[in-house]
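Input: a single structure, listed below in structure tokens.
Chain identifiers are assigned alphabetically (A, B, ...) following the order of the sequence lines, protein sequences preceding nucleic acid strands; residue numbering begins at 1 within each chain.
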Protein chains: 2
Amino acid sequence: MHAGSPDEEWREDCAPRRVLELFATKWTSMVLHTLHARHGGTARTGVLQRSLPGISKKMLTQTLREMEASGLITRHVETVVPPAVEYRLTPLGERFVVPVELLYAWGRDNADALDFLVPRPGSRRR
Amino acid sequence: MHAGSPDEEWREDCAPRRVLELFATKWTSMVLHTLHARHGGTARTGVLQRSLPGISKKMLTQTLREMEASGLITRHVETVVPPAVEYRLTPLGERFVVPVELLYAWGRDNADALDFLVPRPGSRRR
DNA sequence: CAGGATCCTTCTGGATACTG
DNA sequence: CAGTATCCAGAAGGATCCTG
């Protein structure tokens, strides 16, 4: 347990980094959580948008596209008018929910310690 | 379990969002993990930098500053020449390590499913 | 050795308008 | 209703040079 040992090198494509990529898009884990905890794993676009106050239509669509490309969700299109699109968690997505929920649970348990972060709504970190 | 219920509103300052703020700086969780898993919770600046191939001196310092401001680590300065600075996980930091490690563990367990992400070193997601 | 100060490039993501 | 296409301000973060 010391420096230099290249056992688990922080290569650009190591597992930890790839997981972080999933958080790179701001809304991913929130969509994941909402889909899972509030809608049982399946929801339509508009429902998701209303469940995530503050997300723009652009970012919702973009996030959903990336999550689909990552294999976290699937997209089902009902060919009707007006179009109805449903997003559903994949088994991989369901599994990813577990650590994400743990992370959020930790946040709730340590809310006091995090109080000094995000002091006032509108200012980001730092 | 449906839309509209404002039980756990996604306000700008809700716990989940504040946790995500901790990941907003790219290297935070990697520094945390390295400090914990490779150095037993305490390490000097240079050691950390060598343990994190690819991090710039600027980002390392900046990340450490923010982590200190967030109460995840403490900074100890040895007043000698050349200066020696040690960073140490706080109890809060130690607790945060738990969900972070679970996240990384999930990544390792699902490495196969994540293989299509980060196809070649040098290109980011998408 | 630790880290501050700049410069500069890339990316994020919000606002808005438009299509089927 | 779902999605696309632009435009654009601001943030993230890498490279480099300088200080005690």
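Taking atom NZ on B:Lys26 and atom C1' on C:dT12, their separation rounds to 14 Å, with Å as the unit. If you take CZ of B:Arg75 and P of C:dC1, they are 16 Å apart, rounded to a whole angstrom. As rounded to whole Å, 10 Å separates atom P of D:dT4 from atom CD of A:Gln62. Rounded to whole angstrom, the span from the CG atom of A:Leu64 across to the P atom of D:dC1 amounts to 16 Å. Atom-to-atom, CD of B:Gln49 to C1' of D:dA15 comes out at 13 Å; the value is rounded to the nearest Å. Summarising the geometry, the separation between CE on A:Met59 and C1' on D:dC7 is reported as 16 Å, rounded to the nearest angstrom. Rounded to whole Å, atom P of D:dA2 lies 9 Å from atom CG of A:Leu60. Whole-Å rounding puts the A:His76 NE2 to D:dA2 C1' distance at 16 Å.
Contact record, B:Val19 with A:Gly107: CG2-CA, 3.2 Å, taken as the closest heavy-atom pair. Here the closest non-hydrogen pair linking B:Met30 and B:Lys26 is CE-O, 3.6 Å.
When side chains are defined from C-beta on, B:Thr25 counts as touching B:Met59, because their heavy atoms get closer than 4.5 Å.
For C:dG3, neither phosphate oxygen OP1 nor OP2 lies less than 4.0 angstrom from any side-chain nitrogen or oxygen of B:Arg44. Side-chain nitrogen and oxygen atoms of A:Thr45 include at least one within less than 4.0 Å of the OP1 or OP2 phosphate oxygen of D:dG3. Put simply, A:Arg65 has a side-chain N or O that comes within less than 4.0 Å of OP1 or OP2 on D:dG3. Under 4.0 angstrom from either OP1 or OP2 of C:dA17 there lies no side-chain N or O belonging to A:Lys57.
Checked by distance alone, B:Lys58 brings a side-chain donor or acceptor within 3.5 Å of a matching partner on the base of D:dG13.
For B:Thr61, taking side-chain heavy atoms from C-beta onward, the closest of the listed nucleotides D:dG14, C:dG3, C:dA2 is C:dG3.
Side chain to side chain, A:Ser51 and B:Trp10 fail the donor-acceptor criterion of an N or O pair below 3.5 Å. Inspection of the B:Thr74 and B:His76 side chains reveals an N or O donor paired with an N or O acceptor under 3.5 Å.
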